[in-house]
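Hydrogens, waters and symmetry mates play no part in the numbers below; they use all other heavy atoms, side chains included. Below, chains carry the letters A, B, ... as their sequence lines are ordered, and counting in each starts from 1.
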Amino acid sequence: MKLSKLFTHTRKDAPADEVSKNAQLLIRAGFVNKELAGVYSYLPLGLRVLNNIARIVREEMDAIGGQELAMPALQIKERYEISGRWDDKVVDDWFKTKLVNGAELGLGFSHEENLSPMLKNFINSYKDLPLAPYQVTTKFRNELRSKSGLMRGREFLMKDMYSYSISQKQHDEFYETVQKAYETIYKRLGIGHETFLTFASGGSFSKYSHEFQTLSEAGEDTIYLDRRRKLAINKEVLNDAVIRDLGLRRSDLEELRAIEVGNIFSLGTKFSKPFELVINDQDGKETTLIMGCYGIGISRAMGTVAELLSDEKGLVWPESIAPAKVYLARLGTDAAVVKTADGLYKKLQAENIEVLYDDRDVRAGEKFADADLLGIPYRVVISEKTLKDTTYELKKRTEDKTQNLAEPELIKMLAA
RNA sequence: CGGGGAUUAGCGCAGCCUGGUAGCGCGCCGCGUUCGGGACGCGGAGGUCGUGGGUUCGAAUCCCGCAUCCCCGACCA
């Protein structure tokens, strides 16, 4: 993509109504635009990051047997009356609306009531199990107080997977598989080193649920972390009995703020029993299916990476999710420089290396500042100076040093 | 939902106390000089001052209501 054609622009100042680092940087860089509190538009570069995160999550869900589908935002009232979740006293963050004929609808905040009745038409045998449909869709939650940029939205992108098993054993095995897949996802997103499995409230069907908490002062949760064991307990369930139960010691626990970047929990038969998801097991015995639910906020993950991996100059995307791999800066309008830069742009594209080509006629300082703010992993500079030397100058976003390279070495390095 | 703060040009702000129909910086447009870390000079465009009402000869400014945004708290299958 040529920067001269990109409709978004960077800004020196962040808007006054955004305090959180993630929102300030993402808005300054032109990745998102705020529409209302907790609701953002994703602009071309921001959408690339969001899609890259979703792609990684999809790959890992597919790898453990997840099957992607897409369910609607509009939800039927009657289904939620069956499960007991229509009442605002039970779920207080519903967005509700009506059909022209007056029938009430809700905007989906979670999709158990959608999926379970649907699967009654498809699951015929225990041999179909375990089954784990998932989706990446926009969720709506009427938060009393949205805050912290992308961290807590009223409309946000989420991956939600639901598992159906014939036995507790089968459920437990799948649950553990998902837990491992989540760890892989956070590693790939570049926040694995700061993300910890955290024991949280399990509700009525299991002792604990599990959250994945990323250490950050911008987080809303307080956790107690045993760094050596890489295990944490959410403050909401912390007590001596729980600490003992998990084989931890209070003196090893460190109190920290963290962002909940994912959670997985057992649902038991809460959403299978009301919808009569009953199947004969191997022995011919009627069994109500056991469910699990597994969420990752895709947009929140983007905010978390922005929050964690940025520095005083701007965003610092890991290669795995960056909007482009290379920022190609052409300095000056010298004919040889322009020709060389245009040529490299085409060659990088031919190698399938994603490149942002800064072909604007602006001064060097502005290009460097933008390359840093946008957080592109590699910066390549072409100028009259570099043409006299080995032609190209390469710099990593995370390092200060530069190196000069000739074209074959440069392409080889960037293609790696 | 309780408490606090804010709303004036695309962005950041001043003006309000002491009413007389708006100003600065950045950005944007034009010309020129510059050209490796957000240059400089000259000229220019751009605002029903969040919204509804009230007071007044006259309201960005004073009074009342509402909306939106931010922060703290509460809430968060």
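- At a cut-off of 3.5 angstrom, counting only N and O atoms as typed in the model, there is a donor on one side and an acceptor on the other between the side-chain of Arg379(A) and the base of G37(B).
- With hydrogens and angles ignored, no donor-acceptor pair under 3.5 angstrom links the side chain of Glu366(A) to the base of G37(B).
- For the pair Lys147(A) and C71(B), the criterion of a side-chain N or O lying under 4.0 Å from OP1 or OP2 is not met.
- Remark: U68(B) base-pairs with A6(B); criterion is Watson-Crick or G-U wobble with both hydrogen-bond distances under 3.5 Å.
- Listed by first and then second residue, the side chain to side chain donor-acceptor pair (under 3.5 Å) pairs involving residues 407-416 of chain A are Lys347(A)-Glu407(A), Tyr392(A)-Glu407(A) (not counting sequence neighbours).
- Between Arg145(A) and the phosphate of C70(B), there is no side-chain N or O to OP1/OP2 separation shorter than 4.0 Å.
- One cannot find a donor-acceptor pair under 3.5 Å joining the base of A77(B) and the side-chain atoms of Asp160(A).
- Listed pair Lys34(A) / C70(B) meets the phosphate criterion, a side-chain N or O lying under 4.0 Å from OP1 or OP2.
- For A39(B), the OP1/OP2 oxygens have a side-chain nitrogen or oxygen of Arg363(A) closer than 4.0 Å.
- With sequence neighbours left out, Tyr208(A) forms a ring pair (Phe, Tyr, Trp, His ring centres under 6.0 Å) with Phe199(A).
- Look at CZ on Phe265(A): it is 12 Å from C1' on C76(B), rounded to the nearest Å.
- Annotation: of the two residues near RNA chain B, Asp17(A) and Phe109(A), the 5′-most nearest-nucleotide partner is Asp17(A).
- For the pair Arg379(A) and Phe368(A), the cation-pi criterion (under 6.0 Å, within 45° of the ring axis) is fulfilled.
- Put simply, the side chain of Asp372(A) and the base of G37(B) share a donor and an acceptor less than 3.5 Å apart.
- Considering only heavy atoms from C-beta on, Phe174(A) comes within 4.5 Å of Tyr294(A) through its side chain.
- Residue contacts for Thr10(A): at a heavy-atom cut-off of 4.0 Å it reaches a base atom on one of the strands shown.
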